[in-house]
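Worth saying up front: this structure is predicted, and the values here are computed from it rather than measured. By convention in this document, chain letters (A, B, ...) are assigned in the order of the sequence lines, proteins followed by strands, and residues within each chain are numbered from 1.
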Number of protein chains: 2
Amino acid sequence: MINKNSPIPIYYQLEELIKDQIEKGDLKPGDALPPEREYAETYQISRMTVRQAFTKLVNDGYLYRLQGKGTFVAERKVEQGLQGLTSFTEDMRARGLEPGSQLINFEVIPAPVRIAKYLSIEESSPVYEIKRIRLADQVPMALETTYISAEKVKGLTKEIVNRSLYEYIEGTLGFRIDHARQIIESSVANQIESEYLSIKEGAPIMLIQRNTYLEDETPIEVVKSSYRADRYKFMIDMKR
Amino acid sequence: MINKNSPIPIYYQLEELIKDQIEKGDLKPGDALPPEREYAETYQISRMTVRQAFTKLVNDGYLYRLQGKGTFVAERKVEQGLQGLTSFTEDMRARGLEPGSQLINFEVIPAPVRIAKYLSIEESSPVYEIKRIRLADQVPMALETTYISAEKVKGLTKEIVNRSLYEYIEGTLGFRIDHARQIIESSVANQIESEYLSIKEGAPIMLIQRNTYLEDETPIEVVKSSYRADRYKFMIDMKR
DNA sequence: TACATATAGTTGTCTAGACCAATTTTATAC
DNA sequence: GTATAAAATTGGTCTAGACAACTATATGTA
C-alpha cells in the first residue's frame, strides 16, 4: 500500500493509490472518502501529508471538499492537463479513434521570421520542419506542421518522429514541458489543405496553433494544424 | 502588511501581497523571490504557511520553483481561469475592445430536449432563453443564446441580464460557479447568423458551446455562441 | 589551472500536535 | 413530538521544528 521507506514521497504514493481506486471504480463519483484523520491513522502518517495528497487531487479535479461534511469524488475529471490536449495520439484515443500519421516532409530549414519569433531564436537559425497528415481510423483528420529549434533539440530523426516526439524530448533529452498556449480560429480550406484532407476547397476547417514551453518559459515547439471541421471538435474542461 | 489576528487566513494575505507586488511591477518576470525562510522570519509566521501561499501561486501560474535555486516570478500568468474565458465582457476587455450587447430576445420557454439534457432538468420544464448580439467596439462579434433553468435561477429580468448575469447568479443568489466545459467547432454562417453578424452567408464562423457547473456538478447554464471568424480567435493557456 | 571536496543556502518532504469553522449527530428540555 | 443545546465529526489554518535533495560557492589539493 504505502511504503514509508520508499524514495517516492508518501503524499505521491497516496495520491496514486486514490486515483487508482477512482479509476478502478472502488470509489465512484459522489462517494465520500474516509476522513483525513482516518488515512493518517491507517497508514501511520501525518494528517498534513494526507492533506498534501488530497489538495493535489482537488486541484487536479479528482476530488472536492466540503468543510464539515467530508471529501468526495468529483463527477468527472476536469482539466485533463496538457497531455490529452496536445498529443494528437492521446486526443484521438480519448475519442475512441485509432490515431495514425503520414509523414510528408522532414527537413531542417532556416527559421522563417514568424517561427523564429515564437521560438525565441535568431531568424534563419536552423529549425526542423515536420509536416504530417494526421489520421483517425485511417481517414485524414488534420494537416500538421511542427517547428522545433535544431539547436535546442538535437539529433531528431524521421524514426523518432514516427515513434514518439514527446517521449524523445521529455524522456531522452530530459526537457520537462510545463505549459502551452493554443490559438484556435475558424477558416476555410485552401487548395493545399483540401487536397491533403480530401475535402472541398472552401470547406470549413479549424486552425490550431500550439506553442509549448518549459517551466522557465523557454519555447520548445510551435505546431500549426488544420483540422477538418466536419470531423473535429475542440473540447476543453476548465476549473475556475 | 500581514495581520495575524485578522480572520483572513495568513496564507491568503501573503498570496495577495505577492500578487500585488507582481502586478505593480515590484517583482518582475524572472525575478527571484526572497527565500521561504526569509518570509517566515520577516512576518513571524511558520514556513509551512509561507509554502501554502507559494504553492497556490505556483498552481495559478504566478510563480515557479526550482529546487535548490529559489522561487521565481513566471513570465506571464497562464491559466487565467474561467473568468477571462467565460465572460464575454472580460474577454473583450482583455483584448482591448469595448464590449457591448444588444438584447434581441428574452423569454421563458419549455426546455427543448437537448437543452433539458444539458441542464439535467425535465423536458419542457421552464427555461429562460436569452438571445443577444454581442458587440466589440460597436461592431457585431457574436450571436449568443443562453439557456438557464427558471426553477433553479428565479427572478431573472431583462434588467439583470443587461447589467450582469453572473453577478446576479453568484452574488445575489449565492451560487458558486466552479467549472465549465466548452466545445468549439468551425462552421459557416447560415442566413440568420449572416444577418445578425453582418457577414456573408457561408463566411467562416466559430461555434462555441459552454456548459457551466457548480462544485457538485449541478448544471447552471448552457450558452451557444456563433463568433465571426474574421474578428475572433480563441486563446487558451494551459499548465500541464 | 583543474578538479575534487566541503559548506552554505535553497526548496522538498514530513511530523505531531493545536485550535478554528462548519456540519452532523446526539442528548436534553419542554 | 419538537425545538434547543451540547457533543462529536470533519475539513481549514497554523506552528516549530527535522531531515532530505539539490544547487552554488568557497576551499583545498594535485
Side-chain angles (χ1 to χ4, degrees), chain A residues 1-18 27 30-74 174-176 178 214-216, chain B residues 1-18 27 30-60 62-74 174 176 178 214-216:
Chain A
M1 291 287 231
I2 298 269
N3 180 359
K4 293 180 70 168
N5 299 318
S6 163
I8 299 162
I10 296 171
Y11 77 90
Y12 184 78
Q13 294 182 48
L14 182 54
E15 233 182 280
E16 293 300 312
L17 193 155
I18 294 171
L27 287 169
D31 283 2
L33 272 75
E36 296 170 354
R37 286 174 177 82
E38 196 173 313
Y39 277 99
E41 176 75 18
T42 302
Y43 299 112
Q44 287 296 298
I45 56 179
S46 167
R47 186 179 154 223
M48 284 299 271
T49 303
V50 177
R51 278 186 71 77
Q52 193 172 355
F54 275 38
T55 300
K56 183 74 186 332
L57 291 170
V58 168
N59 283 336
D60 289 353
Y62 288 98
L63 308 176
Y64 61 95
R65 294 197 261 223
L66 296 177
Q67 186 172 3
K69 301 186 77 167
T71 303
F72 305 85
V73 179
F175 290 119
R176 213 185 72 83
D178 180 71
L214 304 183
E215 198 163 44
D216 63 356
Chain B
M1 289 288 230
I2 298 270
N3 180 358
K4 294 180 71 169
N5 299 316
S6 162
I8 298 163
I10 297 171
Y11 77 90
Y12 184 78
Q13 294 183 48
L14 182 55
E15 232 181 281
E16 293 300 312
L17 192 153
I18 294 171
L27 287 170
D31 283 2
L33 272 73
E36 296 170 354
R37 283 179 173 81
E38 196 172 313
Y39 276 99
E41 176 75 17
T42 304
Y43 298 112
Q44 287 296 298
I45 57 179
S46 167
R47 188 182 149 221
M48 284 298 270
T49 303
V50 176
R51 278 187 71 79
Q52 193 172 356
F54 275 38
T55 300
K56 183 74 186 332
L57 291 170
V58 168
N59 284 335
D60 289 353
Y62 287 98
L63 308 176
Y64 63 94
R65 295 199 261 222
L66 296 178
Q67 186 172 1
K69 299 187 79 167
T71 304
F72 305 85
V73 179
R176 213 184 72 84
D178 181 69
L214 305 183
E215 196 163 45
D216 62 357

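Nearest heavy-atom pair, A:Ala74 versus A:Gly61, reported as atom, atom and distance to 0.1 Å: CB-O, 3.3 Å. Residues A:Tyr43 and A:Ile2 come closest through the heavy atom pair CD2-CG1, 3.6 Å.
Once rounded to the nearest 0.5 Å, the distance linking CD1 of B:Ile45 with CD1 of B:Ile10 reads 6.0 Å. B:Thr71 contributes atom OG1, which lies 10.0 Å from atom CG of B:Leu57 (distance to the nearest 0.5 angstrom).
With sequence neighbours excluded, the residues that form a salt bridge (charged side-chain N to carboxylate O under 4.0 Å, His left out) with A:Glu36 are A:Arg47, A:Arg51, A:Arg65. In this structure A:Gln52 satisfies the side chain to side chain contact (heavy atoms under 4.5 Å, CB included) test together with A:Tyr11, sequence neighbours excluded. Residues forming a salt bridge (charged side-chain N to carboxylate O under 4.0 Å, His left out) with A:Glu16 (at least two apart in sequence, or on another chain): A:Lys19.
A:Tyr39 places a side-chain heavy atom less than 4.5 Å from the side chain of A:Ile18.
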**Fill in**
Under a 4.0 Å heavy-atom criterion, the protein footprint on nucleotides 3-11 of chain D, written with B, S and -, is -------BB

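A side chain to side chain contact (heavy atoms under 4.5 Å, CB included) with B:Phe72 is found for exactly one of B:Leu66, B:Leu63, B:Leu33, namely B:Leu66.
Within residues 1-12 of chain B, no residue has a heavy atom under 4.0 Å from DNA chain C. Shown for residues 39-46 of chain A: residues whose heavy atoms fall under 4.0 angstrom of DNA chain C, namely A:Ile45, A:Ser46.
Regarding B:Met48, its CE atom lies at a distance of 17 Å from the P atom of C:dA18, rounded to whole Å. Going from atom CD of A:Gln52 over to atom C1' of D:dC14 covers 15 Å, rounded to whole Å.
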**Item:** Pair B:Leu14-B:Thr49, side-chain contact (heavy atoms from CB on, under 4.5 Å): steps then yes or no
**Value:** CA-CA 9 Å; B:Leu14 182 55; B:Thr49 303; over 6 Å; no

